[in-house]
Each structure stands twice: as structure tokens, then as C-alpha cells.
Amino acid sequence: MQVSAPEPRYVSPTLRDRIGRIWVPVFIDGKGPLRLVLDTGATRSALTQAAVARLGLEIDPKRTVMLRGTTGSARAPIVKARTVEVGDLLATRQTLVVVEDAFGGAEGVLATTALDDRRILADFKRDRIEITRSKGRTAPPGFTVLPIKLLDRYVPWVEASVGGVRVKAVIDTGSQQTIGTPALRAALIAKRREMAGRDEDVIGVTGDVQAGRSVASPRILLGNISVRNARINFVDLPIFERWRLSDEPALMIGMDVLGVLDTLVIDYHRRELQIRSATR
């Protein structure tokens, strides 16, 4: 299966001058593949207006849905697809939200709402993405395994720590930035952590903009894997309120951090995050 797009085709690592991405080849009504961003923080899949036109799908003029993004909510038009095919998954009678942009040059966003018994593997070193039915197997040697819990039934989070502060860490492959709650910032200040930084906005899929303060992060620990030299943008986002995380130390880990790993596996059937640190 090939994707018609500039290299890398499937996953790109986070490097000094580029934030990584996970792109998934998706067939809609047998046409494609389309290049969609895999977004574990999304609860609705979406297509850009250009992709809708290319596929010849008709926008329903009488119906809209509430699109709840990271930075806000907005009514959005929809299209109906007979089939959505990715990996060994074939979903029928799907409703897709239409958006103006999906960021990163993608043609849309693939949510993980239909992947409750699936296993996602993103190999940043080999530019490889696999979405298959989970066989319930344990992680290979060399992987750190963290149990996941789900927000909104589909959004995975794990227990982690930032600078010695225990946090709930949402795994959000659709976000470029790692974003923290004001409660996490306050907890780090209480530990006498340096919180000087720079202003940095967050722009969501709905187009809403939220002002944040980006600071150099102390060490982020995911199990026994340590991530250094990252940044956290502290923003009081509406999505944190929706997830009921606003009043506690919490983190939305984006691709700026996830993309420095060697391999990322989310096994929804086993409820596990399986990660291997990069050796490059």
C-alpha cells in the first residue's frame, strides 16, 4: 500500500527543525489512499474540503455536527461515506466532519473511535505504520509498557511525571505541541522550577486560537523512559475542562515528545501503551 505524498510516507520523527507526524493511508468508498493524520485525541474523523471535492462526496446542506477541538467548539458540515478502510479495518456507513485544514499537508484526520480492538504501531525509525487487529500479545523485549485508561471512551492517557510531579498524560498524536494545565505549572513552581518562557499560541482544528506560555520542561518520565529538552506550553484549554483535568496536574503529550521515540504502540485491546526509546 503506497501513499502519494512527499517522503516520509507514513511516520516522521521529531527532529531539531521539524515536528514529527503519523500519517495513515485511508481508502474512502474504495478511493485513495488519502493521507490522514492519526489523531488519538480526536473523537471524530474529518476530511478537508479539498479531499471531499476530490472524492466527489456531497456535503449534507441540512446537517451539521458540533466539532469539539482542543481550543474550542464549532458547528461543522458533514459528509457520508459508505466505507472507510484502513489497514485490516473496514468501517461502514461513516459520518465524516468537513474542515478547512488538517495541518501538516494532510487530507484529513483519522480518529481512533473504531479502533477499540486494534493495535497501532508507529515505527519512526523505519517510516512504518501498522493498524491491525490486536492478537493480545505482550510487548516485545526492550519495550516499556504503561497501562492506559480512556477519556471520552476513546482518548488514551497514562500516568507519568514531570519534574517529580505526578501527572495524567494524554497521548495526543494529533497535537504538535505538548500542553500542560495551569495546575501543573503551579505544582512545578511550588517545587521551585524555573517557569520563565515565551508566548506561544495554540491553534485548533476549529480555527480558535488560545494564548499560552511555552517553557523549557523538566524531565518527563514515561515509565523508565526519560524525555529531556522538551517544552510545555501552559494553556487553560477548553478540552481540559471537557476531560475534567483543569484542576489537576495534567499534560497532553504531543508529537514534539512522542516523535523522539523509536517506536510507539497503542494496543486498545490490551489497554497498553508500548514504547521504545530512540537509539539514533
For a 4.5 angstrom cut-off between non-hydrogen side-chain atoms, does [X] reach [Y]?
X   : Y   : answer
L47 : L57 : yes
R93 : K80 : no
I22 : T40 : no

Return yes when atom [atom1] of [X] has more than 12 non-hydrogen atoms of other residues, nucleotides or ligands closer than 6.0 Å, and no otherwise.
X    : atom1 : result
E248 : CD    : yes
D247 : CG    : no
R166 : CZ    : no

* To do: Would you kindly confirm whether V145 and Y268 end up in one hydrophobic cluster when ILVMFWY residues are joined by side chain heavy atoms under 4.5 Å apart?
  => no
* To do: Decide whether V265 and V257 are clustered together by the hydrophobic rule: side chain heavy atoms of Ile, Leu, Val, Met, Phe, Trp, Tyr closer than 4.5 Å, transitively.
  => no
Has [X] got a side-chain atom pairing as donor or acceptor with [Y]'s backbone, closer than 3.5 angstrom?
X    : Y    : answer
Q94  : T92  : yes
D172 : I253 : no
E107 : R35  : yes

Heavy-atom closest contact ([X] atom, [Y] atom, distance):
X    : Y    : answer
S217 : I232 : OG-CD1, 3.4 Å
I171 : V158 : CD1-CG2, 4.2 Å
Y154 : T113 : CE2-O, 3.1 Å

* To do: Take D88 and T132 through the side-chain hydrogen bond (donor to acceptor under 3.5 Å, both in side chains) test and state the conclusion after the steps.
  => CA-CA 6 Å; D88 68 354; T132 57; 5.5 Å; no
* Let me see the working for R231 and E200 under salt bridge (charged side-chain N to carboxylate O under 4.0 Å, His left out), right down to the final yes or no. => CA-CA 11 Å; R231 299 190 70 84; E200 188 168 331; 5.2 Å; no
* Charged N-O contact under 4.0 Å between D152 and R242 -> yes
